[in-house]
Protein chains: 2
Amino acid sequence: MTVSKTASATAAVDAAKPSRGGRKEPAEGSADDAALQLGELSELLGYSLKRAQLRVFEDFLRCVAPLQLTPAQFSVLLLLDRNPGRNQTEIANTLGILRPNFVAMLDGLESRDLCTRIRSTNDRRSHILMLTDKGRAVLARAKKLVATKHEARLNELLGPANRAALLDMLATIAREF
Amino acid sequence: MTVSKTASATAAVDAAKPSRGGRKEPAEGSADDAALQLGELSELLGYSLKRAQLRVFEDFLRCVAPLQLTPAQFSVLLLLDRNPGRNQTEIANTLGILRPNFVAMLDGLESRDLCTRIRSTNDRRSHILMLTDKGRAVLARAKKLVATKHEARLNELLGPANRAALLDMLATIAREF
DNA sequence: TGATAATTGTTATGCCGTATACCGAATATC
DNA sequence: GATATTCGGTATACGGCATAACAATTATCA
């Protein structure tokens, strides 16, 4: 597996993001008063990690905007689809969401008729979570948007091989670090 | 540049993190009721990106705990060291921090005598930011901790070449996505 | 069996990061 | 010199994330 150079390893100048909206506006006119030096910051993995994560989430939101789904909501729908018959604690734990915080999140999804809480007959404390038909439909559309717009753009930027390598390393960090 | 396989590309099962403290407790006794399937979630770059970022920041905090510095505070000290004579707006913009939110942050650093605000003589609106001697000393110790404990651990996990490739791709995303 | 402990969903609450609107002082523009 | 802009700052709000506590239900075990 080979990684082609996508940029000079010691690049990183002007990581500022003053304008919240569109990218690529070099402030043209002004001589721009000399950009700040990031220095060792560009060697800090956590720094680039955070910035990249913000950009990726930002793009995700834009791509899936017509469906009004956040990354967290999308992950919940994905998980409910793959793991029917689970309760709130199991789903929340898997996603690293604390049970108290998962309540409002489910309220939101349920109020939009994307999923349902069903009292379990085995254990009447727990709520079995299920996708509704609308939930499945929205998930299907979301998957398509994510694949064709969001992930496709990442593939275009990095190339399929690099993207796979990146994903693998990130998963490794998330799992073993 | 070559990337050795750090893990199977389609691994990812049981990404749960129920216990906030130490890792590596397989809950031994119980048969563990079958782990949930992440499914397409393990192919979502943003998902692994976020999880990896949380882990890395978590480790950063632990490594630099004796100095009581957050990643954001560390990045400010680094930037002040590399770019003396800049004002709040310039530093904040470079780090993607909004000016209003940068005020309290600087208050914290200044109250600990790590940096100082100096009224500029050229433009008496702006505050020139400077590291104090103590600030430079703390920064030096922090750099050492980050390099020998934090980044070293990442190097150990990924290998130097993979780590460099990862950093490069993250910077590319942060810059061009 | 019955007392005690543990689990589930939930509420309340707080902290932190982030975003916007607005202000006074100082400066820039024309 | 009038107007607009910029700088640091305050107030405020929203969302993510964390803990404590509670009622209902279930599990544990003397």
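Being a predicted model, the structure only gives us computed values, none of them experimental. Residue numbering restarts at 1 for every chain, and letters A, B, ... go by the order of the sequence lines.
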Base C/dT7 to side chain A/Arg125, donor-acceptor N/O within 3.5 Å cut-off: yes

Q) Do A/Glu43 and B/Arg163 sit within salt-bridge range, that is, some charged N less than 4.0 Å from a carboxylate O? A) yes

What one should report as the nearest heavy-atom pair of B/Leu61 and B/Leu69 is CD2-O, 3.8 Å

By nearest-heavy-atom nucleotide on DNA chain D, the more 5' of B/His127 and A/Asn122 is B/His127

Ranking C/dT20, D/dC7, D/dT19 by distance to the side chain of A/Pro100, first place goes to D/dT19

d(A/Phe57 CZ, B/Leu45 CG) to nearest 0.5 Å is 10.0 Å

(message) Determine whether a donor-acceptor pair (N or O, by modelled atom type, separation under 3.5 Å) exists between the side chain of B/Arg99 and the backbone of B/Thr89.
(response) no

Of the candidates C/dT27, D/dT10, C/dG9, the side chain of A/Ser126 sits closest to C/dG9

Walking DNA chain C from its 5' end, the first of A/Asn101 and A/Asp123 to be reached, judged by nearest nucleotide, is A/Asp123

To the nearest angstrom, the CD-P distance between A/Gln88 and C/dT10 comes to 4 Å

From CZ of A/Arg99 across to P of D/dC17 the rounded distance in Å is 14 Å

- Task: Would you indicate, yes or no, if C/dA26 has its OP1 or OP2 atom less than 4.0 angstrom from a side-chain nitrogen or oxygen of B/Arg124?
- Result: yes

Ranking C/dG17, D/dG8, C/dT20 by distance to the side chain of A/Lys50, first place goes to C/dG17

